[in-house]
Amino acid sequence: MSSDKQDKTRVVSAGRRKEWTQGIVNPPVWRASTILYDDVAHLRASGARDTHHRLFYGRRGTPTQWSLADALTELEPGAEATLLYPSGVAAIVSTLFALLSPGDHLLVPDSTYDPTRNFANGLLKRMGIETTYYDPLIGEGIAALCRENTRVIFLESPGSLTFEVQDVPAIVAVAKARGIATVLDNTWATPLLFPAIQLGVDYTILAATKYVVGHSDVMLGSVTAAEGKYAALRDTTYQLGQTASPDDAWLGARGLRTMAIRLEQHGRAALQIAEWLKTRPEVARVLHPALPECPGHEFFVRDFKGASGLFSFVLNGGGEKERAALIDSLEHFGIGYSWGGYESLALPIDPQRFRTATEWKAEGPAVRLQIGLEDPEDLIADLERGLAAFTEARG
Ligand SMILES: *Cc1c(COP(=O)(O)O)cnc(C)c1O
């Protein structure tokens, strides 16, 4: 399984409209706050028109941002338009604000990214919006949780930390029959591995900070809206004053050009390492969508074009101290948040702390790995040392 030729070609050509690039290979960084008008009549006419793709005021973007936004739209067949945000969390928050009002009900998978849960339990709750968390494997059973006032079903597939793959088409079918909007956090797969809009999702979100940027040096988010769904998102985004800087968008576009080949390498190396970890007696379980034992694996096989480079594993016994001994002994894995860059990372994770609708039980502590672009053999040797340190710490 790998991204096909068309995808590789598309990430190279997408968004490079001559209007945005002026004939240069990469669109220049157009920095702006003020846009100068020819005369008062020009100023009046500009304000009265839709400012999407038109110079109006710096907050509404310049060709640098539009080029990346258009590129992300082109990667999603059936999409209308894309907006950029200063982070992935800003993209999530703006989309939910665009779709929800006081008195509404929201459904969120129990495996969701923790800041998404914080927003639902914090600001959304304060605004009078109620959230129900659901088992990520619920599929068409989500119908039983839909109420008269349910406006949004949020999805994240695979789930953060634990990697359950959702039956997105089944949930989308339930939502469509009831006029409920669907919002997917597609950061793990990107449109190259999971064509969300084509599969019926209304809004697909990327923490572009991860694979789009690809170099661990920029915060960026995006939301791509299906045909007919863009206006609501745009209006709320403008009211919230959300904007991404042209410099960051430029770096995002630069990263995007190599995303297909990076994803292929991340995916291949991560699966090789996941399969190696599975053979180790110190490891109780590997949580990787491409492995048959991963909950929802059948939906991964049916709907995804491949896997990316992030997965977790559960240790066979031990505790905090033993897990720390493993992670601290690694040479090629940095210890830190985020992922999707060229370098490998290891993170201690405790998914049970974030569950409210389902129970997450484990044989021991868990570790999340972001597999970078190093030689996988070096990473395996590193993990072998880590597992030896874990065993030694267990005594
Ligand atoms: C990192 C991440 C986000 C948030 O992105 P930021 O750019 O860090 O705000 C959202 N969803 C998922 C699944 C993530 O891993």
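What's counted below: heavy atoms across the whole structure, side chains too, no hydrogens, waters or symmetry copies. Counting convention: from 1, in listed order, for ligands and their atoms alike. The chain is numbered in sequence order, starting from 1.
Below 4.0 Å from some heavy atom of Ser87 lie the following atoms of ligand 1, by number and element: 7 (O), 9 (O). Close approach of ligand 1 to Trp339 (heavy-atom distance below 4.0 Å) involves ligand atoms 15 (O). Each of the atoms 4 (C), 5 (O), 6 (P), 9 (O) of ligand 1 lies under 4.0 Å from some heavy atom of Val89. In summary, the atoms of ligand 1 found under 4.0 Å from a heavy atom of Met219, numbered by their order in the structure, are 6 (P), 7 (O), 8 (O).
In this structure, Arg368 contributes its side chain and Leu161 its backbone to no donor-acceptor pair below 3.5 Å. For Ser344 (side chain) and Gly372 (main-chain N/O), a donor-acceptor pair under 3.5 Å exists by modelled atom type. For Asn186 (side chain) and Leu206 (main-chain N/O), no donor-acceptor pair under 3.5 Å exists by modelled atom type. A donor-acceptor distance shorter than 3.5 angstrom exists from the side chain of Thr73 to the backbone of Ala69, with no hydrogens or angles considered. In this structure, the side chain of Glu156 does not engage the main chain of Thr112 through any donor-acceptor pair within 3.5 Å. A donor-acceptor pair is defined here as one N or O able to donate and one able to accept, closer than 3.5 Å; such a pair exists between the side chain of Gln370 and the backbone of Gly341. Side-chain atoms of Ser329 come within 3.5 Å of backbone atoms of Leu326 as a donor-acceptor pair (strictly under, hydrogens ignored).
Side-chain contact check for Ser216 and Glu343: at least one donor-acceptor pair (N or O, by modelled atom type) lies under 3.5 Å.
Among all non-hydrogen protein atoms, the one lying nearest atom 5 (O) of ligand 1 is Ala207 CB, 3.1 Å. Closest to atom 7 (O) of ligand 1 among all protein heavy atoms lies Thr209 OG1, 2.6 Å. Remark: minimum distance from atom 6 (P) of ligand 1 to any protein heavy atom is reached at Gly88 N, 3.3 Å. Taking atom 11 (N) of ligand 1 as the reference point, the nearest protein heavy-atom neighbour is Asp185 OD2, 2.6 Å. Protein heavy atom at the shortest distance from atom 3 (C) of ligand 1 is Tyr113 CE2, 3.2 Å. Looking only at heavy atoms of the protein, atom 1 (C) of ligand 1 is closest to Lys210 NZ, 1.5 Å.
Any N or O atom pair closer than 3.5 Å counts here, and Glu156 shares no such pair with ligand 1. Considering both main-chain and side-chain atoms, Ile92 never comes within under 3.5 Å of ligand 1 through any nitrogen or oxygen pair.
A cation-pi arrangement is present between Arg285 and Trp360 under the rule of less than 6.0 angstrom and at most 45 degrees off the ring axis.
Residue contact check for ligand 1: Ser160 places a non-hydrogen atom closer than 4.0 Å to it.
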